[in-house]
Amino acid sequence: MHIDSAVKDHFSDKIIQWHGQFGRKHLPWQHNRTPYRVWVSEIMLQQTQVATVIGYYQRFMDKFPNVQALAAGDSDDVLHLWTGLGYYASARNLHKAAKTVVDKFGGEFPTTLEAMEALPGIGRSTAGAILSLALDIPLPILDGNVKRVMARCFMVEGWYGQAKVMQQLWDIVEQLTPTKDIQPYNQAMMDIGATICTRSKPDCDACPVSEHCQAHNNDRITEFPHKKPKKVKPVRTEYWPLVVHQGQIMLNQRPPSGIWGGLYSFNAFDDERAVKEYNDVKSWDVKTWQELPEMKHIFTHFQLNIRPILIVIQDHQYLMSIADSNQSIWYKLDDELSFGVPTPVLKLIKQIKQLKLDK
DNA sequence: CACGCGTGGCG
DNA sequence: TCGCCAAGCGT
């Protein structure tokens, strides 16, 4: 995609002008902007909101005011200052990179994208942020905010996990990046994403570049950015006969491997008709046949809908023979459990106990 | 390309 | 109440 140079100029003019009026200029890391200070803020802000970061940032800077102090610092102190912030590998990378900057670069941060990206924990966007915000080097950034703004302005199809989408977004921000005033420009891009072009209910009336926004102009704002399709968990429905006789309930041990391996559970059938056929084969004298409310049980990889059917029987001619075959047991509801059962089975057993059946 | 990484805020 | 998500990166 090629962006017309007049459009580009107008776009960046609008963005920079907006920054003068509405941009955030008094966050702690926006004063005394050095690569070190911007770097620490960028790492802390990865996947963490501004309001959360501020306190951590100030404590960190009090303890480690420059890269030499951090490099010389104790790793326990670094991690302690990170406690509660999460992503502790980021703190370890930060410490490691500080040592590299001091040992290999004499305490001066590199000024090229490539060298910056070679430091642990610094990817392309963070490298661009440090170099542009601290040193006014005209490089684009592409964090979550900028991605959202770009996806809407240019109606980028697809979701961020796709390589072609990221390529397209980088291509767009490269073309739009102005050669001067990069600091306010990049700062404003993030601010607009964070405060105007929000995930839900974007305030397009307040946006300085809404006239360039294809999604807005086509009234399709809510469609962008496209969400990654959630993997739909397969749904399986099973009918479970809960066969009760004289205060006992029939359970079967499951195969040793697979779901609920070795645990005791109820028989499972694909439909209610199969349960009836099963019952016919057994020739039980059925006293009660009652469908209980469906239960949903979520596994990692699928959802199981359980349709329990309470079957109270009074014939006991067959009971012992059933129990003798197929790993079946008759569990006395008054006894303590002495074997493993899956959670939905435990819930059903508790339900049945409360019914106080045919004692 | 998918996943793990941590926590707090929000609708 | 709880699933979703927020200034990404490394594997």
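No experiment lies behind these values; they were computed from the predicted model shown. Proteins get letters first, then strands, A, B, ... in listed order; numbering begins at 1 in each.
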- [ ] Specify the residues of residues 126-164 of chain A, ordered by number, for which at least one heavy atom lies under 4.0 angstrom from an atom of DNA chain B.
- [x] Gly161(A), Gln162(A), Ala163(A)
TODO: Report yes if the side chains of His19(A) and Met189(A) come closer than 4.5 Å at any heavy-atom pair, otherwise no.
DONE: no
TODO: Would you mind reading off the distance between Met190(A) atom CE and dG8(C) atom C1', rounded to a whole angstrom?
DONE: 13 Å
- [ ] Check whether the ring centres of Phe64(A) and Tyr36(A) lie less than 6.0 Å apart, and answer yes or no.
- [x] no
TODO: Let me know the distance between CD of Gln49(A) and P of dC10(B), rounded to the nearest Å.
DONE: 7 Å
Open item on the list: Do Ile137(A) and Ser132(A) have side chains that approach each other closer than 4.5 Å (heavy atoms only, starting at C-beta)?
Closed with: no
Task: Whichever of Gln46(A) and Lys201(A) has its nearest DNA chain B nucleotide further upstream toward 5' - done: Gln46(A)
- [ ] Tell me which of Trp29(A) and Pro120(A) sits closer to the 5' end of DNA chain C, going by the nucleotide each one is nearest to.
- [x] Trp29(A)
Open item on the list: Could you tell me how far dT1(C) sits from dG6(B) if I compare only their P atoms? Round to whole Å.
Closed with: 27 Å
TODO: Residues of residues 96-105 of chain A with any non-hydrogen atom less than 4.0 angstrom from an atom of DNA chain B: list those, numerically ordered, please.
DONE: none
Task: Validation row, ring centre Tyr239(A) to ring centre Phe269(A) under 6.0 Å - done: no
Open item on the list: What is the distance, to the nearest angstrom, from the CG atom on Asp191(A) to the C1' atom on dA6(C)?
Closed with: 15 Å
TODO: Please tell me which of the listed nucleotides, dG10(C), dC5(B), dG9(B), lies nearest to the side chain of Asn93(A)?
DONE: dG10(C)
TODO: For ring pair (Phe, Tyr, Trp, His ring centres under 6.0 Å), just list the numbers for Trp39(A) and Phe109(A), CA-CA rounded to whole Å, side-chain angles, deciding distance to a tenth of an Å, and then say yes or no.
DONE: CA-CA 10 Å; Trp39(A) 171 48; Phe109(A) 276 83; 5.2 Å; yes
- [ ] May I ask you to say what Arg92(A) touches in the nucleic acid, namely base, sugar-phosphate or nothing, with a heavy-atom cut-off under 4.0 Å?
- [x] nothing
- [ ] For residues Ile311(A) and Leu242(A), determine if any side-chain heavy atom of one lies less than 4.5 Å from a side-chain heavy atom of the other.
- [x] no
Task: Donor-acceptor pair (no angle test) under 3.5 Å: Thr48(A) side chain, dG6(B) base - done: yes
Open item on the list: Walk me through whether Tyr278(A) and Trp284(A) qualify under ring pair (Phe, Tyr, Trp, His ring centres under 6.0 Å).
Closed with: CA-CA 10 Å; Tyr278(A) 170 75; Trp284(A) 286 328; 5.6 Å; yes
Open item on the list: If I take atom CG in residue Leu94(A) and atom P in nucleotide dG10(C), what distance separates them, rounded to the nearest angstrom?
Closed with: 12 Å
Task: Separation of dC9(C) C1' from Met44(A) CE (nearest whole Å) - done: 17 Å
TODO: Establish, with yes or no, whether the OP1 or OP2 oxygen of dT7(B) is under 4.0 angstrom from a side-chain nitrogen or oxygen of Tyr88(A).
DONE: yes
TODO: May I ask you to verify if any side-chain N or O of Gln47(A) is less than 4.0 angstrom from the OP1 or OP2 atom of dG8(C)?
DONE: yes
Task: Closest contact, heavy atoms only, Thr111(A) versus Leu135(A) - done: CG2-CD1, 3.9 Å
Task: Glu272(A) side chain near Glu291(A) side chain, heavy-atom distance below 4.5 Å - done: yes
Task: Spacing of the P atoms in dC3(B) and dC4(C) (rounded, Å) - done: 14 Å
TODO: Send over the distance from Tyr56(A) OH to dT7(B) P, rounded to a whole Å.
DONE: 9 Å
Task: Length of the NE2-C1' vector between His95(A) and dC9(C), whole Å - done: 20 Å
- [ ] Nearest whole angstrom, please: distance from the C1' of dG10(C) to the CD of Glu117(A).
- [x] 13 Å
Task: Residues, nucleotides or ligands: over 12 heavy atoms within 6.0 Å of Lys276(A) NZ - done: yes
Task: Counterpart base for dC5(B), defined by Watson-Crick or G-U wobble contacts under 3.5 Å - done: dG8(C)
